[in-house]
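Note sheet for the following structure.
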Amino acid sequence: MEQSSSLTQSFLQAKCALFERLYDNLNERQREAVFTTEGPLLVLAGAGSGKTTVLVNRIAHIIRYGNSYFDDRIPEGLTSDEVGQLRAALSLPKEEIAEVLSDYASGSCPPWNVLCFTFTNKAANEMKERLASTLGEEIASDVWAGTFHKICMRLLRRFGSFLGLSDGFTIYDTEDTRKTIVSCMRKIGIDEKRLPPKTVMAEISSMKNMLKSDRECREEAGKDFRRKQIADIYTLYQERLRLANALDFDDIIMQTVRLLREDKSTIDYCRRTFRYVSVDEFQDTNYAQMQLIKILADGHRNLMVVGDDDQSIYRFRGAAIENILGFDKSYPDAKVIRLEQNYRSTSNILGAANSVIANNLSRHQKRLFSSLPAGEKITVHACENQIEEARYIARKIKEMGIRERRKFSDFAILYRMNSQSGFIEQALSRAAIPHRVIGNVRFYERKEVKDILAYLTVVNNPNDDLRLRRIINEPKRKIGDKLITDVERLAAMNGKSLYGIASDAASYPLIFKSAPRLEDFCNIIKNLQAVAATGSVSELVRTTIETTGYGEMLESEGEISKDKLENVNELVSDAAAYEETHENPTLAGFLEEVSLVSDIDSYDDEKNAVVLMTIHSAKGLEFPVVFIPGMEEGIFPGSMSQDAEDIEEERRLAYVAITRAKEKVFCLRVIERLIYGRVQNNLPSRFMEELPEELVEDEELSAQGANRPMLSKQKKPPISKEFSTVSALKISADGGRSTEKFAVGDRVRHNVFGGGMVMSATEMGGDTIYEVAFDRVGTKKLMASFAKLKREE
DNA sequence: CACGCTCTGCCTGCG
DNA sequence: GCAGAGCGTG
């Protein structure tokens, strides 16, 4: 007894020591997260704290060893010799330790029992690649790793018939959704001016994110007319989706939750399959996704979520930061592990980022630290205008490229909005600096690409009226609006799809005359369906371009449509690439793949080029040198952010931007900004002011603009003759002097427009122009001497 | 039915 | 300042 107890002790010690040795490239906290395979686990992973490493190692660990680290059982018939050998194994190279451990591990887990939600496809692919290098290609490919949408689509394709979804259902993108909603509104007779489709879309989307059906939406609306209208549109919209055999992005999640709640065979399958569930970028999940996670994880309760509340930047899209802030309420027994050591950025950069984010109130308290040297200070710089700002960036890239022998791919330019890229692209081109822009117009959203995809969708799912409408007269086939409307009317009357009517046009007197044209179109589709049934996807794409006349149309347009032709042909190679990377390539699979890619998925850090993208896209990436142009009030934070919560989100965005950098950060701003065709003089961003002075190197005056006075923290603002901005704080300080002055943030009242809030104040020719966001009529610019603004009590 | 003119309305953006 | 939508005309 004595003997065996000490043997047990020795064995367990040796086993744990071996596991620790196996992961000695991780720190203690990271290792703990890897070993904690059972039960709910929240990993609060600060920026650059090795979150992905933990996630990958943990999954590999689960598959290989299960809960072996904490499992106190010992293998049967273990001898003291074996334990001695185990101890001796500590000196072996890691691969051999791994071998030895698998002999003694008490558990392992088939890869298909492991589920991991990632934020982008790119993250999922990277994860699979990293798993492949430790576990081998075959095992890695059996892990369920993907975005919420990918995983849900897999479940919907398999079990969706329960919900009435038939094979080959379509995914509606934002544009399809918008068009459908507009058409629903017209049907009901709701004025698009009074109720913008954009608002309706956002409302319906947020209802779906809250898992609310149209019925619940209507019940909640009560007497609220507007909300009742939205509920009506919601109902009709869902009806349209159902008829078209389509789902929108929000439905993919919502319907999956429904499926799991209502269909026993689905939930049984999932509970059986997903023994281990992990979620990356947990701070950006929404309510529906959280419910999905709970349903899936509640069988085995082996749920690990990783995230950083400070990097939650999708609130505007429904992400519920409460998911991460209140995880311990959903799972009171959750273990919490904080990863606070940053391995990415210099301590100056981290100090700057910490100091900015410290201004946020709603967050998990934590303090990231870096063991890297101080490094360079943050450079803060003001330029005269956006052209100068762009040139400044180009010049710095050249300088640092030569002096510090940097590659172009060391540099990233991260901005608040895509429209900021234009000037910078120009400057980089002129300076012959290779660069790539991520985002802007997404490839799959270009008209010509969407047109070809619409053909493919119709081939796959002829009932998709929306896509059919898109292409029935593209290229022109003399099928005009009048005729389409007639076909639509017949379709509604007979309960058929547009295609159903068009393919049988001769039987309807109303459109009998046009039957040949409609039937010609249907024959094109039928022929393509035949190709789809026998040939490859890429062949189908090529045939589509040829037989629909689309390619011919583009060719005949010559030079103007050269790019379009290229894009369309690019689609053929995309299809070929899809065929190569998938085991059972199908048209439906290709279309799904295409609907679910994001622009960041195409980012390839191997290419030696400067990269331009929004801060949102840069989440999860890192670069040696980061430029952040447009650090101005009204841009970053944007003019749309008003309440404290919006500002906190913007601040998190600033935090994300700064923490992307490993070695150097440039914060840039512009004195005179041309925006929406107007000149704006923005104040420096408050986030710039929040940088600690000792970590900042002020390079305020650009070489070109040195002869002109500039705004700076210390200097008084300049009063140039025709146009200049006065610091809002200044106005506030001088407030009570002569005529009443208002500061940014003040509540004011206007005779006609009513109450509102001052958004900006600009001195101009002795007068002050206030930009006021009125509660009822939106934002207006007013001259102080005319507007007769009063302070609102 | 196609073209061209005017009007509007603008962030970020999973998939 | 620019693109996309709506409207009127040839």
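Here is the naming used below: chain letters follow the sequence lines, and residue numbers restart at 1 for every chain.
- Nearest-nucleotide assignment on DNA chain B puts the 5′-proximal partner with A:Lys482, out of A:Lys482 and A:Met613.
- Taking only side-chain atoms of A:Asn121, from C-beta outward, the nucleotide of B:dG13, B:dA2, B:dG15 with the closest atom is B:dG15.
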Base-pair string, DNA chain B, Watson-Crick plus G-U, cut-off 3.5 Å on both distances, | for inter-strand, is ||||||||||.....
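- Within the structure, a side-chain polar atom (N or O) of A:Ser617 is placed less than 4.0 Å from OP1 or OP2 of B:dG13.
- Separating the CG atom of A:Leu653 from the P atom of B:dC11 is a distance of 15 Å, rounded to the nearest angstrom.
- Between the NZ atom of A:Lys198 and the P atom of B:dT8 there is a distance of 17 Å, given to the nearest Å.
- Taking a cutoff of 4.0 Å between a charged side-chain nitrogen and a carboxylate oxygen, A:Glu175 and A:Arg470 qualify as a salt bridge.
- Within a 6.0 Å sphere centred on NZ of A:Lys187, other residues, nucleotides and ligands contribute 12 heavy atoms or fewer.
- Taking the side chain of A:Lys476 as heavy atoms from C-beta on, and the options B:dG15, B:dC14, B:dA2, the nearest nucleotide is B:dA2.
- Remark: A:Asp280 engages A:Lys51 in a salt bridge (charged side-chain N to carboxylate O under 4.0 Å, His left out) (not counting sequence neighbours).
- Among the atoms of the strands shown, none is found under 4.0 Å from any heavy atom of A:Leu483.
- Atom CG in A:Asn125 sits about 16 Å away from atom P in B:dC14, given to the nearest Å.
- Applying the side-chain contact (heavy atoms from CB on, under 4.5 Å) test to A:Arg154 and every residue at least two apart in sequence or in another chain returns A:Trp144.
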Does the pair A:Lys619 and A:Asp284 meet the rule for a salt bridge (Lys or Arg N to Asp or Glu O under 4.0 Å), with working shown? CA-CA 11 Å; A:Lys619 190 177 74 163; A:Asp284 286 317; 2.3 Å; yes
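- The CG atom of A:Leu195 sits 16 Å away from the C1' atom of B:dG9 (whole-angstrom rounding).
- Looking at A:Arg469 and A:Asp465, no side-chain N of the basic residue comes within less than 4.0 Å of a carboxylate O on the acidic one, giving no salt bridge.
- Residue A:Asn418 has a polar side-chain atom (N or O) positioned under 4.0 Å from OP1 or OP2 of B:dG13.
- Here B:dG15 presents its P atom at 17 Å from CG of A:Leu453, a figure rounded to the nearest Å.
- Put simply, CD1 on A:Ile615 is 15 Å from P on B:dC14, counting in whole angstrom units.
- Residues forming a side-chain contact (heavy atoms from CB on, under 4.5 Å) with A:Tyr287 (at least two apart in sequence, or on another chain): A:Met210, A:Leu211, A:Gln291.
- The pair A:Arg363-A:Glu648 fails the salt-bridge criterion, with no side-chain N (NZ, NE, NH1 or NH2) lying under 4.0 Å from an Asp/Glu carboxylate O.
- Side-chain atoms of A:Thr147 lie closest to B:dG15 of the nucleotides B:dG15, B:dC11, B:dC14.
- The separation between A:Lys619 atom NZ and B:dG13 atom C1' is 11 Å, rounded to whole Å.
- To the nearest angstrom, C1' of B:dG15 lies 10 Å from CG of A:Asp250.
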One character per nucleotide, please: for nucleotides 1-10 of chain C, 5' to 3', B when the base has a protein heavy atom closer than 4.0 Å, S when only the sugar-phosphate does, - otherwise. B---SS----
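- Residues satisfying the side-chain contact (heavy atoms from CB on, under 4.5 Å) test with A:Asp308, not counting sequence neighbours, are A:Asp310, A:Gln311, A:Lys366, A:Tyr655.
- Comment: A:Glu474 engages A:Lys447 in a salt bridge, judged by a side-chain N to carboxylate O separation of less than 4.0 angstrom.
- DNA chain B is contacted by both A:Ser595 and A:Glu650; A:Glu650 maps to the nucleotide lying nearer its 5′ end (nearest heavy atom per residue).
- Contacts of A:Asn286 with the nucleic acid, taken as non-hydrogen atoms under 4.0 Å apart, are absent.
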